[in-house]
Colleague: 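Take this structure, written in structure tokens, and hold onto it; I'll ask about it next.
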Amino acid sequence: MSAALLTVLVGLPLFGTALTVLIRRRWLDIVAMLGIPLINAAAAVYMLMATIDGSVYAENVGAYEGGLAIPFVVDAFSALMVLVTSLAAVVCCWFLVVTGEDQYRFLPSLVLMMMAGVTGAFLTGDLFNFFVMVEVMVLPSYALIAVTGTWKRLGVGRMFVMVNLLTSTLLVIGVGFVYAALGTVNIAVLAQMGMNGDITAQGGLGLAIVVTALGIKAGFVPVHGWLVRSYPDTSAGMMALFSALHTKVGLYGIYRVYTVAYGSTNSWQIPLAIVAVVTILTATLSAWGINRMRNVLAFMMTDGVGHILIGASLLTVASLSAGMFYMVHHIITMAGLLLLTGAIEQTYGTGAFRRLSGLAFRDPWTAVFYVLGLLSLVGLPPTSGLWGKLGIVRSAAENPGPLGFTFIGVIVLGACITVLALQRMWRNTFWGGAMSSYRPDSSSTGRAALTDLPADVRIPAKLLAPGASLIVVSVALFFGAGALAEVTNAAAESMLDYAPYVEAVLGR
């Protein structure tokens, strides 16, 4: 495999961004929004096949010496993340096209710019460049959250900007501390220092600041309030895109930095474990008291962050593999549920429980796909969520101390609370008597008045298809879990043995 491909995967979305700004044609916007992430996904499949045996490929930009250059690096983990996020982005953009949101001014350009930042964050091998790519991802998000959704988006957009600016400041401060203490922010050099036990206490503190900043961006408790308040007030399609991309970049960064810094000692295990436990319990309990579908799902996003952090806290091949598997499952399932919720909102004008009832009888196919998505969040068959949670439970059971039992108890308790919260949403939305009134879709004219619901109003297939396709993938992963587990196992092994990574970047 040619490592020069890595820079192309970042450059292609940036080229699409410029092209869609200069040439204002809807057909071009649609081709770019759907075609560029599809090309990246195809390239990611190729990279995954090349790295699943433990190989690592690196491109030192500008042909500078390894350790001084800004490297782009791909291993099995980064290739997997590029693949899954690119496919999720394609489906989310498909939904944006169906709803007509792609016609908002510069929205396709902003989405492509965000994808460039996400791909660059997965492929960069330098902490400062990682910060830059995160900013490339976040900058267009400030505009995207302001142009889509309800009027509340303007207020929450201000909060979104403030939190992310402060978090980015904290992130760059942490990167600066790492450079001041260790003389480098190159991940391969840091990994080599970690393997040799040369990371000083000051350097470890700087890396801890980096992990904390990434945790805020991922939305773990107690710094999750910005996420559960801001995401539901943008549109469903944009919320699905943010869910698939934004929080997962933060979690990817935590996995990468934590294994580099603490792979041999795991000295921050207890603080990270406490955060994971509190995140799961707080999120599931909070979802129980919410009365709007996408707000419930926002807390389920936070719950997923807690489960994924367990993988890093235990820091074994089994736990990292299970955490990666859960991350893939969460990207697919959560995006699918949000797009299905968006189809409901587009058709009936609301996602509030008090305005919806009896959808299981009016729209049975929507109900089938939705319940499969809910089963996946709980961790029940026949969905990918079963293997995701079982993998984490199994890795926790391999821990001989009380920490493993604590994780198992919290996962089981969280699943029980999740069942109650999601059952409440199902009962109030899909069960019950037939609806008699609704607010018809009025995205172009403002908020519509409540009117009688005609008997022939149904969720159209074109709105249902994007979300349903992701739920089908979740079910397919239930039956094909072995193939994904093989990939995540290979990725986890490479995360705990950075020797090939170091050799690819530094040549030694």
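Computed over heavy atoms, backbone and side chain alike; hydrogens, waters and symmetry mates excluded.
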Colleague: Do E101 and S235 pair up side chain to side chain, a donor and an acceptor below 3.5 Å, judged on atom types alone?
Modeller: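 Yes - a donor-acceptor pair under 3.5 Å links their side chains.
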Colleague: Looking only at heavy atoms, which two atoms of Y142 and V161 are closest? And how far apart?
Modeller: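 Closest pair (atom of Y142, atom of V161, distance): CD2-CG2, 3.5 Å.
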Colleague: If I compare all heavy atoms of S168 with all of F131, which pair ends up nearest, and what's the gap?
Modeller: O-CE1, 3.5 Å
Colleague: If you measure from CE on M239 to SG on C92, what distance do you get to the nearest 0.5 Å?
Modeller: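 Output value for this atom pair is 11.5 Å.
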Colleague: Within a radius of less than 6.0 Å around CD of E398, do more than 12 heavy atoms belonging to other residues, nucleotides or ligands occur?
Modeller: yes
Colleague: Output the distance between atom CG (L297) and atom OG1 (T302), rounded to the nearest 0.5 Å.
Modeller: 11.0 Å
Colleague: Taking atom CD1 of I331 and atom CE of M301, what is their separation to the nearest 0.5 Å?
Modeller: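 Those atoms lie 11.0 Å apart.
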Colleague: For the residue pair L6 and L123, what are the closest heavy atoms and their distance?
Modeller: O-CD1, 3.8 Å
Colleague: If only atom types and distance count, is the side chain of D497 paired as donor or acceptor with the main-chain N or O of E493 below 3.5 Å?
Modeller: no
Colleague: Taking only residues two or more places apart in sequence, or in another chain, which ones meet F122 in a ring pair (Phe, Tyr, Trp, His ring centres under 6.0 Å)?
Modeller: Y252
Colleague: If you take all heavy atoms of G467 and L339, which pair is closest and at what distance?
Modeller: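 Smallest interatomic distance, heavy atoms only, reads CA-CB, 3.7 Å.
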Colleague: Just by distance, do the side chain of N60 and the backbone of V505 share a donor-acceptor pair under 3.5 Å?
Modeller: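 The answer is yes, because a donor-acceptor pair under 3.5 Å joins these two groups.
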Colleague: Would T383 and S474 count as a side-chain hydrogen bond (donor to acceptor under 3.5 Å, both in side chains) if you check the C-alpha gap in whole Å, the side-chain angles of each, and the deciding distance to 0.1 Å?
Modeller: CA-CA 6 Å; T383 62; S474 177; 4.9 Å; no
Colleague: Is the side chain of H330 donor-acceptor paired with the backbone N or O of M300 at a distance under 3.5 Å, no angle test?
Modeller: yes
Colleague: Please check if the number of heavy atoms outside F106 that lie under 6.0 Å from its CZ is greater than 12.
Modeller: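 Yes, CZ of F106 has more than 12 neighbouring heavy atoms, counting only those of other groups under 6.0 Å.
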Colleague: Less than 4.5 Å apart, any side-chain heavy atom of L144 and any of T234?
Modeller: no
Colleague: F242 vs H246 aromatic rings, parallel, tilted or perpendicular, using cut-offs 30° and 60°?
Modeller: parallel
Colleague: Pairing donors with acceptors under 3.5 angstrom, does anything connect the side chains of Y258 and S313?
Modeller: no
Colleague: Is the closest side-chain heavy-atom distance between V82 and L48 below 4.5 Å?
Modeller: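 No; the side chains remain at least 4.5 Å from each other.
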Colleague: Between the side chain of S321 and the main-chain N/O of V317, is any donor-acceptor distance below 3.5 Å?
Modeller: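 Checked: no pair found.
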Colleague: Would you say the side-chain atoms of S376 pair up with the backbone N or O of G385, donor to acceptor, closer than 3.5 Å?
Modeller: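 Looks like yes, one N/O pair under 3.5 Å.
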Colleague: Any chance you could measure M47, atom CE, to L5, atom CG, to the nearest 0.5 Å?
Modeller: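 One gets 6.0 Å once the value is rounded to the nearest 0.5 Å.
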Colleague: Has R26 got more than 12 heavy atoms of other residues, nucleotides or ligands less than 6.0 Å from its CZ?
Modeller: yes
Colleague: Would you mind reporting whether Y255 and I308 have side-chain heavy atoms less than 4.5 Å apart?
Modeller: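 They are in side-chain contact.
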Colleague: Looking at side-chain heavy atoms only, is the closest gap between F369 and L337 below 4.5 Å?
Modeller: no
Colleague: Answer with yes or no whether the side chains of S55 and D53 bring together a donor and an acceptor at under 3.5 Å.
Modeller: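 The answer is yes; a qualifying pair exists.
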Colleague: Could you check whether any side-chain N or O of S319 sits under 3.5 Å from a backbone N or O of G311, counting only pairs where one atom can act as donor and the other as acceptor?
Modeller: yes
Colleague: Just verifying a value: how many Å separate M133 CE and T124 OG1, rounded to the nearest 0.5 Å?
Modeller: 6.0 Å
Colleague: Are the side chains of L338 and M334 in contact, using a 4.5 Å heavy-atom criterion?
Modeller: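 They are in contact (side-chain heavy atoms under 4.5 Å apart), so the answer is yes.
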Colleague: Looking at every non-hydrogen atom in both residues, tell me the closest pair between F407 and A273 and how far apart they are.
Modeller: CZ-CB, 3.5 Å
Colleague: Look up atom CD1 in I254 and atom CZ in R256, then write down how far apart they are to the nearest 0.5 Å.
Modeller: 13.5 Å
Colleague: Looking at side-chain heavy atoms only, is the closest gap between I411 and I310 below 4.5 Å?
Modeller: yes
Colleague: Looking only at side chains, do N40 and S86 share a donor and an acceptor under 3.5 Å apart?
Modeller: no
Colleague: Looking only at heavy atoms, which two atoms of S384 and L477 are closest? And how far apart?
Modeller: CB-CB, 3.7 Å
Colleague: Give a yes or no answer on whether the side chain of T51 reaches the backbone of V56 with a donor-acceptor pair at less than 3.5 Å.
Modeller: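 Side chain of T51 to backbone of V56: no pair is present.
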Colleague: Can you find a heavy atom in the side chain of V91 that is under 4.5 Å from one in the side chain of W94?
Modeller: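 Yes, close enough: below the 4.5 Å cut-off.
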Colleague: Checking M324 against M81 for the side chain to side chain contact (heavy atoms under 4.5 Å, CB included) test, could you report, in this order, the C-alpha distance in whole Å, the side-chain angles of both residues, the deciding distance, and whether it holds?
Modeller: CA-CA 9 Å; M324 294 174 193; M81 293 304 295; over 6 Å; no
Colleague: Tell me whether T17 contacts the main-chain N or O of P13 through its side chain, where contact means a donor paired with an acceptor under 3.5 Å.
Modeller: yes
Colleague: May I ask you to check whether D75 and S78 show a side-chain donor-acceptor distance below 3.5 Å?
Modeller: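 A donor-acceptor contact under 3.5 Å links the two side chains.
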Colleague: Is any side-chain heavy atom of F130 closer than 4.5 Å to one of V175?
Modeller: no
Colleague: Tell me if a side-chain donor or acceptor on K389 pairs with a main-chain N or O of L377 at a distance below 3.5 Å.
Modeller: yes
Colleague: Under 3.5 Å, side chain of T488 to main-chain N/O of A485, donor-acceptor pair present?
Modeller: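 Yes: the side chain of T488 pairs with the backbone of A485.
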Colleague: Donor-acceptor pairs under 3.5 angstrom involving side-chain atoms of residues 107-115: please list them, not counting sequence neighbours.
Modeller:
from: S109; atom 1: OG; to: T20; atom 2: OG1; distance (Å): 2.7

Colleague: Crowded around W226 CH2? As in, over 12 foreign heavy atoms under 6.0 Å?
Modeller: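 More than 12 heavy atoms, drawn from other residues, nucleotides or ligands, come within 6.0 Å of this atom.
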Colleague: Can you sort out the partners of H224 under ring pair (Phe, Tyr, Trp, His ring centres under 6.0 Å), two or more places apart, ordered by chain and number?
Modeller: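 Per chain and number, H224 pairs via ring pair (Phe, Tyr, Trp, His ring centres under 6.0 Å) with no residue.
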Colleague: Within a 6.0 Å radius of atom CZ on F177, are there more than 12 heavy atoms belonging to other residues, nucleotides or ligands?
Modeller: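 Incorrect, the count does not exceed 12.
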Colleague: Taking everything shown except F128 itself, do over 12 heavy atoms lie less than 6.0 Å from its CZ?
Modeller: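 Check fails, neighbour count at 12 or below.
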